[in-house]
Each structure stands twice: as structure tokens, then as C-alpha cells.
Chemist: 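Have a look at the structure that comes next, please.
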There are 2 protein chains.
Amino acid sequence: QFVSVQAATFLILCDPRASCSIPASLIVTPCFSDADGGSYDVVNDASSPAARECCAQQSSARHNWEMNYQEAAIYLQEGENNDKFFTHPKNAKALAAYLFAHNHLFYLMELSTALLLLLLSLCEAPAVPMLRLGIFVHATLELFALIVVVFELSMKMRWLGFQTFIRHKRTMVKTCVLFVQFIEAIVVLVRQTSHVRITRALRCIFLVDCRYCGAVRRNLRQIFQSLPPFIDILLLLLFFMVIFAILGFYLFSPNHSDPYFNTLENSLVNLFVLLTTSNFPDVMMPSYARNPWSCVFFIVYLSIELYFIMNLLLAVVFDTFNDIEKRKFKSLLLHKRTAIQHAYRLLVTKQRPSGISFKHFEGLLRFYKPRMCARERYLTFKALNQSNTPLVSLKDFYNFYEVVGLKWKAKRNREHWFDDLPRTAFLIFKGINILVKSRVFQYTMYTVVAVNGIWILVETFMLQGGNFFSRNVPWSYIVFLTIYGVELLLKTTGLGPVEYLSSGWNLFDFSVTLFAFLGLMALAFNMEPFYFIVVLRPLQLLRLFKLKKRYRNVLDTMFELFPRMASLGLTLLIFYYCFAIVGMEFFAGVVYPNCCNTSTVADSYRWVNHTVGNKTVVEEGYYYLNNFDNILNSFVTLFELTVVNDWYIIMEGVTSQTTHWSRLYFMIFYIVTMVVMTIIVAFILDAFVFRMNYTRKNQDSEEDNGIVLEKEISKEEVIGIIELYKRTSAATETAQLQKIVLQMDKYGQMSTVFLGRRSRTKSDLSMKMYEEEIQEWYEEHSRKEESQTPLQEPASASSSSLKPLSLRQRSQTVI
Amino acid sequence: QFVSVQAATFLILCDPRASCSIPASLIVTPCFSDADGGSYDVVNDASSPAARECCAQQSSARHNWEMNYQEAAIYLQEGENNDKFFTHPKNAKALAAYLFAHNHLFYLMELSTALLLLLLSLCEAPAVPMLRLGIFVHATLELFALIVVVFELSMKMRWLGFQTFIRHKRTMVKTCVLFVQFIEAIVVLVRQTSHVRITRALRCIFLVDCRYCGAVRRNLRQIFQSLPPFIDILLLLLFFMVIFAILGFYLFSPNHSDPYFNTLENSLVNLFVLLTTSNFPDVMMPSYARNPWSCVFFIVYLSIELYFIMNLLLAVVFDTFNDIEKRKFKSLLLHKRTAIQHAYRLLVTKQRPSGISFKHFEGLLRFYKPRMCARERYLTFKALNQSNTPLVSLKDFYNFYEVVGLKWKAKRNREHWFDDLPRTAFLIFKGINILVKSRVFQYTMYTVVAVNGIWILVETFMLQGGNFFSRNVPWSYIVFLTIYGVELLLKTTGLGPVEYLSSGWNLFDFSVTLFAFLGLMALAFNMEPFYFIVVLRPLQLLRLFKLKKRYRNVLDTMFELFPRMASLGLTLLIFYYCFAIVGMEFFAGVVYPNCCNTSTVADSYRWVNHTVGNKTVVEEGYYYLNNFDNILNSFVTLFELTVVNDWYIIMEGVTSQTTHWSRLYFMIFYIVTMVVMTIIVAFILDAFVFRMNYTRKNQDSEEDNGIVLEKEISKEEVIGIIELYKRTSAATETAQLQKIVLQMDKYGQMSTVFLGRRSRTKSDLSMKMYEEEIQEWYEEHSRKEESQTPLQEPASASSSSLKPLSLRQRSQTVI
């Protein structure tokens, strides 16, 4: 019901008014004439009068179809991006704004503004020395960036409408932050001096809200969803800590040589630190020296807190994580399904309610994937079409997202790239090909790599400091590099460059060898700054891990995980940023050499330059380097806090220079990173266990090469499509397709086989893992929908609920 | 086939010889006349001539049945303990030895010998000062213990036979260790001085081999099974370490103020330590001070090694663990099933091949659970019997293990314990009961506990060291204790003591209140050594966690896990023991105050007693306390190494006093504890996730009160059984059953309802979780068995394959 009503309002709102005021036709026309180049960005030309004129000449029926195509494409995009349908553009103005705000140029602007705002903290008040800017300069930059954000937000408001805009929580928060930032920036500019601006920590929200940071948003949502059980267990943890603190205070405070338990506060702080093991065994030593049995207290405490409850924490988070992942997958799947249903209803005609014809499908793809060429569009259509009718039914159309990502290529008739070469050359290359593919060659290479590894190890072991990079290049280096070079050459010629580079492992070999070669150059030409490349030589050894299946599995999973890992890392960085800003505002310039003489950790901050005999000895504690003096230093300090070891030295140093309350900052940071780290661990666990379960489930099936689909196209079919395109006067498409016909003629074939290929995603794996449950979900979902809109056959429903328009529209179906 | 052949050989072997030489009848007779007291230990009387005579008088047919009962009971025991059937006793001598070696007295002997051997290391050479014994004394003790072990082993050999004994791996290893220990003990005794006896570390095997340490054996097996994937990932870890060590050496050794990377060995060791984060950020500081960008090296290293590969390790172990748990459960289940089949075949008669009659079932239980009373035997029989026939079929008999553990109790007709009291008392108690069960009362108590908690916290915070235990007892203590006392009294009277104490939480309340009362006594009567009890007061606060469901869940799971956790802890202790012995042999007396002045960690071992002004200041590093001077110290040191923080200080201290190779000991220990700890984490994860999945699956079902079964017995049934027992002249049973009849008569009932109850085990949970798969396993199992013994209907098979005996046996079925 919702869909159709919406579609109806949409069309009603934009149709009765001057049909030229809607920019849809403007986008359509250029797209149509140049399917490969045109994209949504051409909207920018929307106001050119020529385009308006052209629009006026088109028949309104065609426009209506174009409108339908576009809206269906928008629905599919929303399904893919998991945008809620209530943000669907409701009228022509909204559509224009929607299109304006949904293209890569706009996304890039969003991203760069956000980055600019974040990077400003490099130059603001406690700035990195080299990047310091005057207050006037950076405040102006900030204002500029904020104005751009205002512009972005106003576009969003245009698209969403005021009502929806207000209800969209994230956008509202962004608006508030923007408002505060704006005022503060102006205040800074007026006063010409920076005040305590903790709100700068909120700048992250501009980055989080970027279209490209969807993964970060998902992570954050997942973290917040995992919080309730996490906090419950955390309370248990803290509760035991308090009990043990009281106990410890009673037991150990009579010992005056024990500085760790002399007050309840100290007792609490030290047990908190002990939770991170950072002050163990030191915290135990004074009481242990007095009475050996006091170790029982610490052993019991650590066993309960560290080995039990902390693992419990992981278990609870892992469990929640698992559950959330599944629910997320389910809702995403159902959302996509709904999107497909919406799109389908906009594409079926009244005459043929059982499916979508190629013409309409092609129209959809023109908007959904403007860069797709005519051949690919037809192949996608064919891949979707499971039945032999010329129409794609709703059931087939449900596979849209799986199929549309495929990259199509004509299946090679020749096996090797050198098949067309003259006989002698062919034989030579064939020989190389066989050699390269033989086990002997592979294992020889493994042996060479292993020998090289041992060589490097021994060579390095022989060096005892000093001048490593002698002027003459060591001969071993040249020998091994030659061998690798020859291998690379043989493989490239034997397999053909395309096939060679299509494997990730070969790409890795190639780049490592290239780096080694660059290193040799650096050595030979004595370019000191590039010496570090030489050092990368041992990476060659990684090739040895191809030998065992488990490693291949692990490394493959690692590469698969990489995007998610990166987004998790980015999420962590965002937390870092917030804490770095707060840290800088409060603790900048607090620690310096010999600063903390009153604290128990004074040694670590010492910097003494005294003379023994006639030699100057520098005694350095170095910890004054772990400060919050600028944002880069803060990041390093926060990383050290994340690693946890000896973090209390940093905490105590800062505390001794400020107040006791500073500890709160460090403790909260510890808990936050604990949450994020636990999530990361849970994520890695989940991903690997999932993957291994999957492998176990599909042990018998073929090796995992991603998704491959095969489709055959006959010459007649191609000619048929050419006819179709000719009628709509799409020159590029026609030319493109004609090329295929020529190719077929050349080889005397009546048909060509095309291969569609894409890599397997987590979603594909999940589809297979939850196979049985998915059917249940679908049924449940359709039952729920039915109860909302009783008796809604998709095709008939669309024609009935869209009646006021469909009558006009459907009267002119062409194909 | 295997079963029947074995059963046949067993009976053939023991029957043709003098039927009195088998001790079976000797066990049978006392058991029969006194079912509650007799147990297998009565075998000890086997040689008494009176018993022999008595045996001779019995008819041989009855003996055959008794033999069958006994063997069936042994099969069921083997099924329960997961003993392989090839260790099944094969003849009369073996049976005698089997019975001798399978009772609690023998098990206790085994355990105490093993413990004695382990505890000897408290008194041997680097002994705990207070427990030092002369060489002569402890060597003699050791020899004595070893002789006992020899005796145990010889009994085992008698039971297993030489062939099986040789093939039984664990026993063979034990024999070899025993041999070596024996020789060494004699050498020590002869030379009157202890040599380097690392082999003492192997003493653990005596403990591991104990019957009571089955859980430890399972853990060890699980650890070893998880090793292959673990080692694979460990190699990956070490590989990256080597690469980074080479890299670090090249990058940082030109910096002469950096002591961490000046040689390749140092570079390797420090990166190994960095893996444990123990020397971070110190290891980074010298290079960071020189060039801030060098932190990238450490961040990348830690990200790859610590945050990625270490978690990968956990993932791989967790996955393997999961898999092993499931396979273990499956094999155990099938093993039990086979055992039940074996037992069943021994119990059916030829006349009635479709099931077991009560008479035979009762005979089996007499051997399997001698302590069970007649009523319980009949109830068990009834609980098993799903059909209304007087026979238990094989299908019903498969539930044997689930049913036999139930504790039966007559269902109370009265709701409260005070129902029989006079009217006034009843009303009073009823009032208390309602009060105690009301929410208001509960929440009032929670409030009191919370107030008490805050009170304690504030009170403790107010104290600033010094004399906590003033002579006069604080009034708050008395007030709160009084409230708790009143609560306890009300609850006990309102619910009845039995019902009150049947809940774990009430038990906890009770003991904490008791402790608090003892603490009060200690304070009032000024008994200093018991002051620590006062300190346990905050434990009351734990009651607050009853409030939330998640905590109840977590704490329940915690209690369920406790046995497994304890066995894992014991496993860890066994590893500790091995390492402690090795450590003591090599490093005893190596570290002492001011010992390691040449090393980089000299500060931690300092003990300086210098005078500032007229005050003596002691500067202590305390680390010399972390030594291997006796086994207790070693254990504490090893615990500190397990916690990992600052472990390198201990390592470097010992290394500086011995050789570089000592590091190997510490590194291996780190890796071993890493394995065990990872397993522990995996175990906790697995247990909790499993439990939570289970809860999610059974969300709608009732609250978890363990397994409960209800059975009704009519008066006629009881009278029937009494008749049966009278015929076999079992006086105790008859009397017992008559009491039930009297009870029924008293209340004028025609039948009584009994409730069977036991707590839910992991196995029950697994049964429910794998419900569907279990059916598959069964089918697969029976298919496999069928292919081994074609067309084997259990009942008919037993009568056919046991033909030579069954003819004789089955001719005299009674019931």
C-alpha cells in the first residue's frame, strides 16, 4: 500500500505541474544518447534552456515511462544502500535534490569537508609545530568548511522535506553540532584567541555522516547495540573490584611500606590497574615480602576478574554480535526484497502483468547503472530470466542484486594467449607454460625462497651493527633477484600477463620482486632515503605460506576481512580523535622532562645529563614523550594506552601534574577501547568461525572462485536487440552490438558464450549458510505484508493502486 | 558380533572351570541380603571359606543369571566412564582384578599415592624451609609410594591381560616413567645425595592416570587435539616476528642509544616480549625520541601480531574446540548406546525376547547401583517403561543413563511444612510464609543490602589507615546483622528449613550471614586471627545481583561451569608442576637481592639500605622474591609469568645469572600457558554461547529446574513386588516396601506419586541442541553396525549368538 501510495503521490505531484519543470527528462535525454558517459552528474545542466526545449518536444507518455524507470532505479539504490523508504523523494523538487545529493561528486565534497574539519586540529592551538597556522587562517578555513556543510544540509532538507528532516535523528544531531561549531568558530574569530573547545571532538560526526562511511556507521551501531549486555557484565566486574578494594584496604593498609593500599582510593585505582595487569607483580610485592600468603588475594582477584569475568565479557559480546549480524543480514535481505517489489511494480505493464520486458528492464538499467554497455544489459536480463518467456517474472527479478554485479566477458575460445602465434613460437610458449605450471618448478621456487630466507637471516646475524649498506651490492642479492626476475618473466610469458596478474598471489610476487629491484637500484645508485626498500626483502618469504591449505585459507579470509577491518580501524580512529581533542584541551604541555618528581613514577619522566669521569651519560626515562602536546603525539599516546602495558605510568604522570580527576579520563578511555577491542575480537572470531563452518559445510563442492555464470547469446538475438535500439535511435549501443555480430561473423559462430563473474561476498556466504531460514523469513515477511495490504498480487496491485496514472501510461506499451 | 563373541568367551572361560572359583556369587549374596550397605568392596572377602561354601550350595542356573547381571552392570559402567570395550574383563581372574581395581577404596589409594609423590617435592632438595626432610626420609617415602604404584599396575595387568596391557598407551607410558623413577629413587638412596632430577616433572602422570582425574585427561586430550592448527598459526606469528626482527635490526641498530635492537638476537627477544606487550612502550622510546615516525614500525607490528594473528589463534582454537566438543559428545553418546545394547542382550530371555522383565532389571541394578533401595529400583524400572507391558524394550532401555540418576521422593501432599500444626500456629506461619514470599519483603531486603553496601563503603573511606578493629563493635554492624538474622529466621520458619536450603541463593545468604555472625563473635571476643572474617561483609552485596535476569543466568552458568573450570585449573597446575620442577633444578638460588647488576633490569632486584639524615630508607626492587628456590615460590613465579606483565624482568634477571639459553625456558612456558589460556578462553566462550543459544531456543519453555519426572505407584503394584522379593528372601527390601504400604494405608490412598529429580547436565543440553543430528548419528551408527553384523535384531541376535549358553540359561526364567 505504502509504495503505491507513495509512487502515486510522487507522480501526481510532479505531473500536473508543467512537465518541463521536472528535471527527469533532462537527465534522461543525455543518458539515452550516451549511455556510457552520462551519469547523474549531468543534472547540473538542468537549467540550460536548450535542454528545456528538448524536453518540451518529447511526448509525455515516454516521459512517464522514463519517470518510472528512474523511480525504480532509485528504489533499487535505496534497497542496496539500506536507505529507509521514508526518505524516498516525494516530489519533483525533492527528486532534483535527491539526484544532486546522490552522486560521487557530492559524496566527495562531503568527505573532503569532513576531512578538512578533522585535519584542522593539526593546525589549531596545540598544533603540530610544522603545521601551525594563525588563528585567523584556521578559523576562516573552519568557517568555510562549515558553510559547505550548511549547503549540504540544505540540499538534504530540500530532498527530505522539513518533516522528514526533523525526524531523521542523525541529521538533527549533525545540525545541532553544526550550529554549535558555527558559533564557536565565530567567537574564536572575533576574540582572536582559542578557548577550551572540547566540542571540536564532535567534528567526527561530519565524517561519520558521509555516504562513504556507511561501514563506520554500521560499526558504531553494532557497538551501541552490544553495549547493554556489556555494561551489565562491566558492573559485575566493577562490583568485584570494589569488594576486593575494601578487602585489600583492610588487609594491607597496616603494612606501611605498601604504597598501593594505604587509602581506599589508592586501593581502588590500583585494583583497576591490576585488572589490566599493568602493575603486576609490583603491586603484590610489598605485601608478598611481608607475608607470602598474601599472594592468594591477588591470585584470586586475577582469576575472577581477569580470567573469568573478562572472558565472560568477550563471550557475551560475541554472542550479541553473532545475533546482531544475523538480524542485520535478515533485515537487509528483506529490505532489498521490498525494494525489488517496489521497482517491479513500477516496471510491469497492464497488458503483460506477469513480468518485465527487456525494453523496460533496459530503461531501468540506464538509470541504475549508466555505465553498463548494451551487451551487458542484455546479458543481465538473460541471466535473470530463468523461464524461456521474453518477460522477467517477479520471482526471477528477486535475484536482481546477485546478477547485476556480474562482470561479463566473452568466453575465450583459445586456451592460451599464444594460440594464435606461429607454430615455433607456439611450441616455445607452450613449453614455458607447461614448465611454469609443473609442480617441480613451483617447489624449486619454494626452495629458492627458503634458501633466500635462511641466507638473509644468517647474513643479518653476521652483521654486528654499523655500516650495513656497503657501497658494493652483495652478490647474493643479485643472484636471488635474478632468479626471481627469471621466474617472473617465465610466468608472465607462459601464462600471459592478464592471467598472471589475475591471481592475487602472483600480484604479490610481482610487487615484492619489483620492490626488491627498486631496492637494488637504490643500493646501486646510492640513494640513501630508499634504503628501507632493501629491508623489505624478507617479505618474499611470505610466499612459503602458499604451501599449506590452512594458510591459504587464513590469508584469503584475511583479504576478505580487510575492508571490514579497515572500517573497524577507522571507527577506532574516530574514538581516538575525540579523546585526543579532549586530552589536548586538558593535558597539553602538562608533562615534560623531570616533571613528576612528586609521583611514584618519577623515574620514568627523568632526564638527567650527568658526567661520569669525562663522559657524559644521559639518563632518560623517555615517558615525557608520551604527551598530549599535539594531535599526532596524542594519537601515539592513545595507542600506548590501548596496548595497556604500563599505561598507569602515563596516567600517574599526568595525574601528578593535574588533579585526581584526570584518572577518570584514562579509565574511561580504557573502558571505551576495551569495548571496541572486544568488538574487534568478536568480529574476527565470528568471521573466521563463520568461514570455517562454511568451508566444512561445502567440503565437497568446488574450490571457491567467486560467483560465475555462463550465458549463450545467438546471433539472431543480437540482431533483434540492435533493431530495438535503432528504433530508439541509440547510436552508441547499436554500434557496440554490431561489433559483436561482426566478431561472430569473423569466427563463423552462430552464438557466443559470455561468462559473468564477481567475487563472493559475505552476503553470498550468509545466503548459503542460512538457506533454510531464509525461506522462513520470506514467508513470514510476505505474510506480514499481506496482512498490511490484503490480497496484493504484485502486478495487479501496481496497476490497481496506480490507476489514475497507469491508465495513461499503460496505453502506450511499445515492445 | 564383537559383543556376543566377547560375552561368549567370557562365559565360556569362567563357566567350565569350578563355578565356585568365580567371585561373582560372593558379591551377589551379601548384596542381595543387604542391598543398601553392600558394594563392590565386599570382594575383599572373596577368599573366606564360608562364602565359598555358601556359593557351592546355590544352583548354577541362578549363578549364570547373576553372572549376566554383573557383566551387564560392568558394560553399563564402561559406557558411563567411556572405557573402551577392549579393556572388558575376559575371564574370571580378570573379573576379580577388575572388581578389585574398580571401587572407591582403590581409587583413593591411587589418588593418595599420586598426591604423595607430587607433594614430596615440597620436602626434596630445594625444599620449603619448614618442610625440609632428610634425603633418607623422602627417598624412602618415594620408594614406598612407587611400590604402591607397582602394585596398582600389577592389578591392572591382571585385569587387562598382558596383550591389552602392552597395547594400552597411557599405561605403558606410566610403566616406563615408573621404571625410571624407581631407578632414580634407588640411586638417590644409595648416593645419599640428590642429582639433577628433571624426571620428577613426569610424576604428574601418576595423578593424570587416576580414575578421579578423568576430566583432566579429557582436557589434556582436547589440548593436544587443538595443537595442530594452533601450531600452524603460531608459525605464522613467529614468521612475522622474524621478518620484523630483521627489519627492526636494520632500522634501529644505527641508533647507539637503543639497547633493544643492537643485535639480531636482542631484536628477536624484544619483539617476542613485545608480542606480550610487556616491554611496550619502553622498547619504542629510544627510537621514538630520535624519529617520531619510527612509531609506525611498532604500531604495524602490534596491529598485525597482537591484534590480528593472536585473535586468529583464538578463532582457530575456538573453532577446533567447538568441533571437538561436538565429536566428543557424539562418540560418547554412541559409546553409551553400544554399552546399553551389550547390557540389553545379556538381560533378555529367550522366552520373552522383546524386553527385560523387572526381575532381571532389579538384578542388574543390584550390581550397577548397590546403594539403591527397592522402591527406587522399581521406580526406575517404571520410569524407563514407556509402554504398558511388563517388559522394558530396547528402545526404552536406551534412556537408562538419563533415568538412573534420578533421585526419587514421594510427592508431598501438604504444601507447607506447617500444614499439620494446630490452627493458631498454622495461621502465624502462613502469615510469615506470605510475607516472606512477597515482593515488598524482597525489595526491602535488597534496599537494606544496598544501604549496607554504601555504609561499608563510606565507613571504609572515612578510615585513614591505623587501628581499624577498635575494641568496641560498631553499632551499624550489629544493626545490619540483626536485620539479616531476622530475615534468615523468617525465611526458615516461613518456608521450612528444607525448602529454604534447597535454593543455592538462600544457601549463599545463609553462609554469608553465618560468617558475619562469626565475625561479630571474633570482634566481640577480640580474637585477632579471625578478623579477616569481618572483611567478608561486602560479600552480602552479591545478593543484589539476583535482581536482574542476565546476572542470574551468568551466575547459574558460572556454577554449572565450575567443575569443568576446576578441572581446567588442575590441568594448568599440572603444567605448572612440570615447569616448577624444571625451574627448580636449573634456577634454584640463582636470584637474590642485588644479584643482577650487569643486566638492564638491575633496578628491580636492588635492595639498598641507606641512611638519609637519621632515617633508614630501604629501597627495594623486590623482584628477587620471584625465584625458583622452592616449589611454592616457583608456583607464584609461574603465576606471575602467566599474567605476563613484566615477565621479562624475571626472565632477564635469571638470564643474567645463568646463560642465554634460559630464555628458552621462559619462552616455552609462555607459549604453553598461551595454549592453555586460549583453550580456557575458548571453553568459556563455547560454554556461554552454547548456553545462551540454548536459552534462546527454549525461550518459551518453563524455567530451568533440572530434570523432573513424575510416576504414580498403586498399592497393588507394591504388594506385587513385595511378593517377588519374598520369594527371593530379601528381608530388607520387603520391610522397606511394606513401610510404603503402611503409609498409604495411613492416609487412605490407593496410590502414591513419586517425583524423580536431578540437575541438568551439559549432556542434557547437548541432547536438546543437537536433537535432529542425533537421530542421524543413530541411524548412521546402526547402519554401520548392521554392515558388521548383518541382520542383527538385538533381542534375537543375543539369543542366537549366545546360543551355547542361552539354552542353559533361558530355560529357567521365573517371572
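What you are looking at is a predicted structure, and each value in this text was computed from that prediction instead of being measured. Numbers restart at 1 for each chain; the letters A, B, ... are given by sequence-line order, proteins then strands.
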Chemist: Need one label for B:N279: side chain, backbone, both or neither, based on atoms under 4.5 Å from any heavy atom in chain A.
Modeler: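 Only the backbone of B:N279 comes within 4.5 Å of chain A.
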Chemist: Which answer fits A:I299, side chain, backbone, both or neither, if we ask what part of it has an atom under 4.5 Å from a heavy atom of chain B?
Modeler: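 Backbone plus side chain of A:I299, per the 4.5 Å heavy-atom cut-off to chain B.
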Chemist: Please classify the contact between B:F261 and chain A as side chain, backbone, both or neither, with a heavy-atom cut-off of under 4.5 Å.
Modeler: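 Neither the backbone nor the side chain of B:F261 comes within 4.5 Å of chain A.
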Chemist: Could you measure the distance from the CD atom of A:E459 to the CD1 atom of B:I246? Nearest 0.5 Å is fine.
Modeler: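 Reported to 0.5 Å precision, the distance equals 9.5 Å.
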Chemist: Under 4.5 Å heavy-atom distance to chain A, tell me which part of B:M677 shows up: side chain, backbone, both or neither.
Modeler: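 For B:M677, the contact with chain A is made by the side chain alone.
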Chemist: At a 4.5 Å cut-off on heavy atoms, which part of B:V316 comes close to chain A: side chain, backbone, both, or neither?
Modeler: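 For B:V316, the contact with chain A is made by backbone and side chain together.
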Chemist: Please classify the contact between B:L542 and chain A as side chain, backbone, both or neither, with a heavy-atom cut-off of under 4.5 Å.
Modeler: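 Interface part for B:L542: both.
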Chemist: Indicate the atoms forming the closest heavy-atom contact of B:Y623 with A:P281, along with that distance.
Modeler: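 Scanning both residues, the minimum pair turns out to be OH-CD, 3.4 Å.
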Chemist: Taking the side chain as C-beta and beyond, is there a heavy-atom pair between B:F280 and A:V644 under 4.5 Å?
Modeler: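 Side chain of B:F280 against side chain of A:V644, heavy atoms only: no contact under 4.5 Å found.
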Chemist: Does some side-chain heavy atom of A:F318 sit less than 4.5 Å from a side-chain heavy atom of B:V689?
Modeler: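 Touching, per the 4.5 Å side-chain cut-off.
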Chemist: Examine whether an atom of A:L544 lies under 4.5 Å from a heavy atom of chain B, and if so say whether it belongs to the side chain, the backbone or both; otherwise answer neither.
Modeler: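 Neither; nothing under 4.5 Å.
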Chemist: At a heavy-atom separation under 4.5 Å, does B:P292 approach chain A through its side chain, its backbone, both, or neither?
Modeler: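 For B:P292, there is no contact with chain A at all, as no heavy atom is under 4.5 Å.
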Chemist: Distance check, rounded to the nearest 0.5 Å: A:Y622 atom OH versus B:S257 atom OG?
Modeler: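 Taking OH in A:Y622 and OG in B:S257, the distance rounds to 4.5 Å.
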Chemist: Looking only at non-hydrogen atoms, find the nearest pair between A:A315 and B:L685 and report the distance.
Modeler: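 Smallest heavy-atom distance, with atoms named: CA-CD2, 3.2 Å.
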Chemist: Treating A:Y551 as the side-chain partner and B:D232 as the backbone partner, does any N or O pair qualify as donor plus acceptor under 3.5 Å?
Modeler: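 Pair found, side chain donor or acceptor close to backbone of B:D232.
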Chemist: With ring centroids as reference points, do B:F545 and A:F239 lie under 6.0 angstrom apart?
Modeler: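 Close enough - the centres of the two rings lie under 6.0 Å apart.
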Chemist: Counting only non-hydrogen atoms closer than 4.5 Å, does B:L314 touch chain A with its backbone (N, CA, C, O), its side chain (CB onward), both, or neither?
Modeler: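 Backbone plus side chain of B:L314, per the 4.5 Å heavy-atom cut-off to chain A.
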Chemist: Roughly how far apart are B:M692 CE and A:T320 OG1, rounded to 0.5 Å?
Modeler: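 So the gap between those two atoms works out to 7.0 Å.
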Chemist: Counting N and O atoms only, with roles assigned by atom type, does the side chain of A:N311 sit under 3.5 Å from a partner on the main chain of B:I684, one being a donor and the other an acceptor?
Modeler: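 Not confirmed, A:N311 side chain does not pair with B:I684 backbone.
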Chemist: What part of B:T642 gets within 4.5 angstrom of chain A, counting heavy atoms only: side chain, backbone, both, or neither?
Modeler: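 Both parts, heavy atoms under 4.5 Å.
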Chemist: So, do B:F249 and A:F461 have ring centers that fall under 6.0 Å from each other?
Modeler: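 Between B:F249 and A:F461, the centre distance exceeds or equals 6.0 Å.
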Chemist: Atom OH in B:Y250, atom CD1 in A:I456: separation rounded to 0.5 Å?
Modeler: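 If we round to the nearest 0.5 Å, B:Y250:OH and A:I456:CD1 are 7.5 Å apart.
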Chemist: Show the nearest heavy-atom pair for residues B:V643 and A:Y307, with the distance to one decimal.
Modeler: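 For B:V643 versus A:Y307, the nearest heavy atoms are CA-OH, 3.6 Å.
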